[in-house]
> 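Quick one: this structure, given as structure tokens, is what I'll be asking you about.
Letters A, B, ... mirror the listed sequences (proteins, then strands); counts begin at 1.
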Amino acid sequence: MEGFAPEVAVVTHAGGEKLEEPLVIRPTSEAIIWATYAKWIQSYRDLPLLYNQWCNVVRWELRPRVFLRTTEFLWQEGHTAHETADEAIAEALLILREVYVDAAEKVLGLPVLPGRKSAAERFPGAEETLTMEGMMRDRKALQAGTSHYLGQNFAKAYGVQFQDREGEQQYAFATSWGVSTRLVGGVIMTHGDDKGLRLPPALAPYEVVVVPIYKSDDERARVHEALGRVKEALGTRRVKVDDRDQLRPGYKYNEWELKGVPLRVELGPRDAAGNHVVVARRDTGEKETIPETALAEAVDKLLDQIQENLYQDALAFREANTFTPKDYEEFKEIIAGGGGFLRGAWCGDAECEAQIKADTKATIRLLPLQPEQPGEPCVHCGKPGAELATWAQAY
RNA sequence: CGGGGCGUAGCGCAGCUUGGUUAGCGCGCCUGCUUUGGGAGCAGGAGGUCGCCGGUUCGAAUCCGGCCGCCCCGACCA
């Protein structure tokens, strides 16, 4: 874990006294997990082993950034131990694709690219680091989740051996993987617009906010009667009725738009009289009048459309800002002109990678999961291309 | 740690260069009336050790010195 040393926080004082032994605050839990696995794993029959935990970790970064890089953050971390390298590699890949990418795209509506990290960008102690990368609205990349194949590095460091099917002692093969509250930042920076948050319905605490509108007590009574029917129609969907009396409708519209509620139902005297409501989408701003009898079905359809639209909107943005520079001059021009994802051939040389970073602040965000021969010379040095890389400036 | 910027009412800011009445403005807050289908209007009102310490001066938010805190850029990074 030497790669973590610069960002490890150490407690030297507690209880008003200097501690005899300093306490290291975990930046990730491999040390705890593998010290424990050493006691739990003796036989191939103990494998595979998977533990997941949610916990806070601390990393003393030089430059914290709200949501994206905070000194302390909540995350989920999973740790597995396996009999074989192939099984561990498959696990790391499975978590990335079937869990992280799936959740990012289907629930959070974040289009992400899965891939491998270059050696320079790899997790300390990993043989291979897999990533999913998203593009924020400022065209910078965000590493939205990682999954690592750790080989036998941790098993060797912590003495985790097991007796295999042939009776031989072997070191276990490991993976670890995590996503954090950084994803909250990802959602904000991918979907947010000038009016505030736009939350994907699958994630939104409230899918629908209902704003009743009335002037007189008489109107209020009639609107409330209709409100009863509307609430009934919306059933078990996550609905907030904003019945705060002292605020006017326009204020409420803006406030709920700021908070990102996907759908707003406006219910005034005219609607109550006509047995309909006005439904407004947060993602597009479109409004339409819908009969009470058709409300439930329409809301479901609209929520599905919003979920899909937010994803497609972000995907279109990413694609519109993904480039294939023909040479290094164009590469630098694109970065200078606002950036984006830059796809091109890379010779595989770490020095070349470092020079590009020094020139442009762009780093290799990912390499394809299945290595691809680019069939072109390195975009920077002109030597034969070994990998098809995607560069970007990143958070 | 290097470079840049900022601390004035709950929040956001002006005033400072060129010292001089009760330190202003917007939002918010309080009271009243009118309002309510896209962030209400009018009237009245409350609220400030001008980041801290010291100096110059008849007089300091303003000038000088020191200190503290915050933000941005760079080096490190989920």
> Can you check whether any acceptor in the base of G37(B) is under 3.5 Å from a donor in the side chain of K252(A), or vice versa?
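Under the 3.5 Å cut-off, the side chain and the base do not form any donor-acceptor pair.
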> Would you mind classifying the nucleic acid contact of Y395(A) as base, sugar-phosphate or nothing, using non-hydrogen atoms under 4.0 angstrom?
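It contacts nothing in the nucleic acid.
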> So what does G178(A) touch, heavy atoms closer than 4.0 Å: a base, only the sugar-phosphate, or nothing?
nothing
> Rounded to the nearest angstrom, tell me the gap between atom CG in L130(A) and atom C1' in A78(B).
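Atom CG in L130(A) sits about 15 Å away from atom C1' in A78(B).
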> May I have the distance from Y214(A) (atom OH) to U35(B) (atom P), rounded to whole angstrom?
16 Å
> Rounding to an integer number of Å, can you tell me how far D242(A) CG sits from G38(B) C1'?
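Distance check: D242(A) CG to G38(B) C1' gives 14 Å.
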> Show the atom names and distances, to 0.1 Å, of all donor-acceptor pairs under 3.5 Å that link a side chain in residues 342-354 of chain A to residues at least two apart or in another chain.
| from | atom 1 | to | atom 2 | distance (Å) |
| --- | --- | --- | --- | --- |
| W346(A) | NE1 | D349(A) | O | 3.3 |
| D349(A) | OD1 | E351(A) | N | 2.9 |
| D349(A) | OD2 | K383(A) | NZ | 3.3 |
| E353(A) | OE2 | S118(A) | OG | 2.5 |

> Does the G39(B) base have a donor-acceptor partner in the side chain of E255(A) within less than 3.5 Å?
no
> Rounded to the nearest angstrom, tell me the gap between atom CG in L62(A) and atom P in C1(B).
12 Å
> Tell me the interatomic distance from F123(A), atom CZ, to A78(B), atom C1', rounded to whole angstroms.
9 Å
> Does R220(A) reach a base, just sugar-phosphate, or nothing at all? Heavy atoms under 4.0 Å.
nothing
> Can you label the angle between the F331(A) ring and the Y328(A) ring as parallel, tilted or perpendicular, going by 30° and 60°?
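F331(A) and Y328(A): tilted rings.
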> Donor-acceptor check, side chain of E219(A) to backbone of P269(A), threshold 3.5 angstrom: yes or no?
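Such a contact is absent between E219(A) side chain and P269(A) backbone.
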> Would you indicate what T70(A) reaches in the nucleic acid, counting non-hydrogen atoms under 4.0 angstrom: base, sugar-phosphate, or nothing?
base
